[in-house]
Structures are given as C-alpha cells and as structure tokens.
Amino acid sequence: MNARNVADESVIRVVGAAWLDAGRGVVWLVAAGHGPASAERWAAEVPSWHGAPAGGVTAFAAADADVRSEIGNAGPDPWAPRLAAAATAWHAHRRTG
C-alpha cells in the first residue's frame with residue numbers, strides 16, 4: 001500500500017494481481033507450520049487464486065524466496081529467517097509439483 005492507493009480515508013484502490021495477497025498468505029501459513037500443499041489449499045479458497053496463472057504463481061514464489069532470503073540474511077529480526085525458509089519451501093514445492 002502506498003499513497004497512490006488511497007484516494008481518501010474511506011476508499012482504497014489496490015493495484016496489481018489480486019491473487020498476490022493469497023500468495024503472501026501461503027508463505028505465512030508455511031512459516032506457521034503448514035505444509036506448502038496445505039497452504040495452497042487455503043489459497044484456493046480465495047476466488048482470485050483460481051485466475052492466477054500457474055507460471056505466474058511459481059515466478060512469484062521464486063522472486064519472494066529470493067527477496068526474503070536477502071532480508072533474512074541481512075537483518076536481526078527473528079521473523080525474517082523463518083519467512084525466508086518458508087518462502088524457499090514454497091518455491092521448492094512449486095518447482096517439484
């Protein structure tokens with residue numbers, strides 16, 4: 001979210017693929033102990049997930065794993081390595097089917 005998404009205090013316009021939020025949720029669920037397949041079943045409950053191209057989801061998983069690995073290795077925040085590991089696990093799951 002940024003200033004371009006907020007027209008006023010009562011209206012928010014989200015720009016981008018709606019399924020990305022479900023993808024971010026997958027990573028958090030894996031970090032909380034769910035398996036990647038289980039987390040994707042949760043994502044399948046989100047209507048926009050059904051329109052997501054499989055290649056796009058896998059590309060997002062790869063990019064998210066890369067970014068979270070950089071963050072996880074660079075900072076002192078205790079949650080960062082856990083999310084990096086979760087994103088990497090999800091990407092591995094996407095690659096192997």
Side-chain angles (χ1 to χ4, degrees):
M1 172 132 20
N2 62 52
R4 293 184 310 234
N5 293 5
V6 180
D8 64 43
E9 291 91 34
S10 64
V11 178
I12 296 175
R13 177 177 52 98
V14 177
V15 178
W19 59 265
L20 289 173
D21 286 336
R24 289 182 187 98
V26 167
V27 174
W28 280 95
L29 286 170
V30 173
H34 297 267
S38 172
E40 284 193 351
R41 282 192 295 277
W42 169 85
E45 298 295 321
V46 178
S48 62
W49 188 258
H50 297 282
V57 173
T58 301
F60 172 72
D64 196 51
D66 287 345
V67 169
R68 290 188 186 275
S69 289
E70 285 185 35
I71 293 169
N73 292 330
D77 296 315
W79 53 265
R82 184 169 43 98
L83 286 176
T88 298
W90 181 40
H91 180 229
H93 168 76
R94 296 290 309 173
R95 283 193 326 257
T96 60

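Residue indices begin at 1 and follow the sequence shown.
- Of all heavy-atom pairs between Val57 and Trp49, the closest is CG1-CH2, 3.6 Å.
- Of the listed residues (Arg94, His91, His93), just one forms a side chain to side chain donor-acceptor pair (under 3.5 Å) with Thr58, and that residue is Arg94.
- Two residues are said to be in side-chain contact when any heavy atoms from C-beta on lie closer than 4.5 Å; Pro53 and Trp19 meet this criterion.
- To the nearest 0.5 Å, atom CG of residue Asp21 and atom OG of residue Ser48 are 7.5 Å apart.
- Judged purely by distance below 3.5 Å, without hydrogens or angles, the side chains of Trp90 and Glu40 pair a donor atom with an acceptor atom.
- Of all non-hydrogen atoms in Val30 and Pro36, the two that sit nearest each other are CG2-CA, 3.8 Å.
- Of all non-hydrogen atoms in Phe60 and Leu20, the two that sit nearest each other are CD1-CD2, 3.5 Å.
- Under the side-chain contact (heavy atoms from CB on, under 4.5 Å) criterion, Leu83 pairs with Val27, Trp28, Ala31, Arg68, Trp79, sequence neighbours left out.
- Here the closest non-hydrogen pair linking Ser38 and His34 is OG-ND1, 3.8 Å.
- Between the side chain of Thr88 and the main chain of Ala84, a donor-acceptor pair closer than 3.5 Å is present.
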